[in-house]
Amino acid sequence: MKPFYITTAIDYTNAPPHIGHAYEKVLADVMARFQRAQGREVYFLTGVDQHGQKVQKSAEQAGQSPEDFVAGVTSHFTALWQQLEVRPDGWAATTDERHKRVVQAMLQRLHDDGQLYKKSYRGFYSLRQEQFLTDRERDENGEFGPQWGEVVEFEEENWYFRLGQHVAWLREFIRSHPDFIFPAHRAAEVLHALEGPEQDLCISRPIERLSWGIPLPFDPRFVNYVWFDALSNYLSFAGYLGQECGNADLPAFEPLWPADAQIIGKDILVPAHAVYWPIMLHALGFSDEQMPRLVVHGWWNVRGAKMSKSLGNVIDPKLLAATFSGDGLRYYLMRDIATGYDSDFSDERLLMSYNKELAGGLGNLLNRSLNMAHQYLGGVVDWSDHDDEHNQALRRTVAEALPAYLKAMNGWGIDEGIAAAWSVVTAANAFVDATKPFMLAKDPAQGARLRSVLAHLAEALWHVSALLDPVMPTAMAKVREQLALPLPDGFRIDQLAWGVLPQGHQLAKPTPVFPRIDPASLAPPASA
RNA sequence: GGAGAUAUAGCUCAGUUGGUGAGAGCGCGGGAUUCAUAACCCCGAGGUCGGUGGUUCAAAUCCACCUAUCUCCA
């Protein structure tokens, strides 16, 4: 089977990351880990978009070179990925020389193929925002407002990509390939956007206006502007044109392409990823079968409103991870949203999911199970030959959780996958109550039954740790440390079966994996 | 002006291809218990499934229209 190639949007290094950035990368990381657990080879690519006018301008304002400025902002992202256990295999930084060479080679190909042309455009230009304005920017009086500063009319030459030529192909492609975009209903938005006039795409800026970019190989008085620089990272860092560009240290492209999942937010679906991107690929000669698959996720709103700097409701994932741990935050971000839809971020629900579910549910289950095993049996797993309907019911719950989990996870239902794993936690806690090992321990005649109950609990916990491993890698490794049995080499989650813990296995001592957090110790939530 | 999404118990949401008396978690109330991170377990809500009108033997689940909210496009 081909390797599972998964990408995320690359983040613009103009401001530090917020909760939405964290969500997208965690989602990709969970899927990457899950696919590996299914025995699939994975290439997970994420990174940063570092070029462009805003960065150039922000750097000037900060009195820094663009290089230093992007290095500073980029470090916020890499530190967060470290903290959240997001572990990509490839790092796509658009200032990377390897990337620049591929972009130039791609542009040269398109140029040689007649896909690019130069033309002159006359229009109104905002000196403050450094961009051409269209009628859309006019206010109700037909004027350009004061936010644009001084507006001048002038004419400028630029390079254009023959986007319009391929629109008919794209319409047909989207109609005939319902798998191109997940969730499927998003395709309607794209088709709607394609109804307008077929316009070409401006892909350059004169070097006097923008120097922080990749020069056009066939006309060095211009640098490439945005799309061929940013979107092409999915190709360049997967090894596209690697040989002719001398990028020997990148993966081999043929086995990897097409991308199995390109995770993006709904805000950059149209036009960038659903229009420009497939058309770029098509123009480069990629066939319909070589088109990637887009996975469009929703947004985390805050109290029903869009998160924005001006509202002052931007959520900082770094602080949340410091309080709830990387895994605590990963768990919340994965369980409290349905992939593809929006959700509301809530401090209260984050605290609830941590204290009630992780600490009170799973953490406490591990703690009470191991504690009893040590108190009554010296921490030894002893599969006695006793069996009864309680044991059978727990084994059945564990057995039924796996297919439900696999189905959900393979269909991007991470929240449902977690729920499937959680059915074991709930059943195991009820199992303790029903079998009362602490009572059995008082009656020597019940020894065989007691040993079977505690063995069942330890085994069930190991299964839970395996299922939730992609979501909470560090915490689940800790669980298995206490169960004294790590994931074996080449472990396959899809082949998980009862009977992992051997007879006579010695368990380790329990320590809280998710220490309860006292709500009173938290800073009061900033009210909007 | 157009498009998409969403509207289900106090809150956050599940509800496959329409079919036994509509569900989960949290919160709340009651009970039980002690192995455990004041934790875990059991019971309880009777909610016109946004509204109206259709299709059907049968609709939260299909169709039409309407309303509200959110997002995007113009």
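Naming: A, B, ... by sequence-line order, numbering from 1 per chain. Remember, predicted model here, so these are calculated numbers, not experimental data.
Ranked by how close their nearest RNA chain B nucleotide is to the 5' end, Glu416(A) and Lys266(A) are led by Glu416(A). Nucleotides of RNA chain B nearest to Gly361(A) and Glu357(A) differ in position, and the one nearer the 5' end is that of Glu357(A).
Note: CZ (Phe431(A)) to P (rC40(B)) measures 18 Å, nearest angstrom. Atom P of nucleotide rC72(B) and atom CD1 of Ile264(A) are separated by 15 Å, given to the nearest angstrom. For the pair Asp342(A) CG and rC13(B) C1', the interatomic distance rounds to 14 Å; values are reported in whole Å. rU34(B) atom C1' lies 9 Å from atom CZ of Arg368(A), rounded to whole Å. Atom-to-atom, CG of Asp347(A) to C1' of rC11(B) comes out at 15 Å; the value is rounded to the nearest Å. What separates CD of Gln375(A) from P of rU34(B) is a distance of 14 Å, to the nearest Å. Following rounding to the nearest Å, His273(A) (NE2) and rC72(B) (P) show an atom-to-atom distance of 17 Å. Regarding Arg516(A), its CZ atom lies at a distance of 7 Å from the C1' atom of rA38(B), rounded to whole Å.
For the P atom pair drawn from rG51(B) and rU56(B), the interatomic distance equals 23 Å after rounding to whole Å. Spacing between rG21(B) and rA60(B) at atom C1', rounded to whole Å, works out to 15 Å. A gap of 14 Å separates the C1' atoms of rC11(B) and rA45(B), to the nearest Å. Taking the C1' atom of each, rU34(B) and rC42(B) are spaced 16 Å apart, rounded to whole Å. Of the P atoms belonging to rU48(B) and rG1(B), the separation is 34 Å, rounded to the nearest Å. Atom C1' of rG50(B) sits at a distance of 8 Å from the matching atom of rA68(B), rounded to the whole Å. Spacing of C1' atoms, rU12(B) relative to rA7(B), comes out at 14 Å, to the nearest Å. Going from the C1' atom of rC70(B) to that of rA24(B) covers 25 Å, rounded to whole Å.
Nearest to the side chain of Phe438(A), among rU33(B), rU12(B), rG27(B), sits rU33(B). Which of rG4(B), rC40(B), rG25(B) sits closest to the side chain of His185(A) comes down to rG4(B). Counting only heavy atoms from C-beta on, Glu189(A) has its side chain closest to rG4(B) among rC35(B), rG4(B), rG25(B). For Ala338(A), counting side-chain heavy atoms from C-beta on, the closest listed nucleotide (rC35(B), rC26(B), rA14(B)) is rA14(B). Looking at the side chain of Phe514(A), the nearest of the listed nucleotides rU33(B), rU37(B), rC26(B) is rU37(B). Considering only side-chain atoms of Ala430(A), the nucleotide from rC41(B), rU34(B), rC35(B) that sits closest is rC41(B). Checking rC26(B), rU37(B), rC35(B) against every side-chain atom of Pro512(A), the shortest atom distance belongs to rU37(B).
Shown here, rG23(B) forms a base pair with rC13(B); the pair counts as Watson-Crick or G-U wobble because both key distances fall under 3.5 Å. Taking a pair to require two hydrogen-bonding distances under 3.5 Å in either a Watson-Crick or a G-U wobble arrangement, rA38(B) remains unpaired. Nucleotide rU55(B): unpaired (no Watson-Crick or G-U wobble partner with both distances less than 3.5 Å). Pairing partner, rA5(B): rU69(B), with both Watson-Crick or wobble hydrogen-bond distances short of 3.5 Å. With both pairing distances under 3.5 Å, rG47(B) is matched to nothing as a Watson-Crick or G-U wobble pair. Across all strands shown, rA32(B) remains unpaired; no Watson-Crick or G-U wobble contact has both distances below 3.5 Å. A 3.5 Å limit on both hydrogen-bonding distances identifies no Watson-Crick or G-U partner for rU61(B).
Residue Val270(A) is classed as having no contact, given no heavy-atom separation below 4.0 Å to the nucleic acid. Here Lys436(A) lies out of heavy-atom contact (under 4.0 Å) with every strand. Contacts of Gly360(A) with the nucleic acid, taken as non-hydrogen atoms under 4.0 Å apart, involve only primed sugar atoms and P, OP1 or OP2. Contacts of Asn367(A) with the nucleic acid, taken as non-hydrogen atoms under 4.0 Å apart, include base atoms.
Listed for the His282(A) side chain is no donor-acceptor partner under 3.5 Å among the backbone atoms of Pro278(A).
Classified by interplanar angle (parallel below 30°, tilted 30° to 60°, perpendicular above 60°), the ring pair Tyr23(A)/Trp300(A) is perpendicular. Ring geometry, Tyr234(A) versus His273(A): the interplanar angle falls from 30° to 60°, so the pair is classed tilted. Relative ring orientation between His18(A) and His21(A) is described as tilted, the plane-to-plane angle lying within the 30° to 60° band.
The ring of Tyr405(A) has its center closer than 6.0 angstrom to the ring center of Phe34(A). The six-membered or imidazole ring of His505(A) lies away from that of Trp462(A), with a centre-to-centre distance of 6.0 Å or more. A ring-centre distance under 6.0 Å is not found for Phe324(A) and Tyr332(A).
Nearest heavy-atom pair across Ala428(A) and Leu365(A) is CB-CD2, 3.6 Å.
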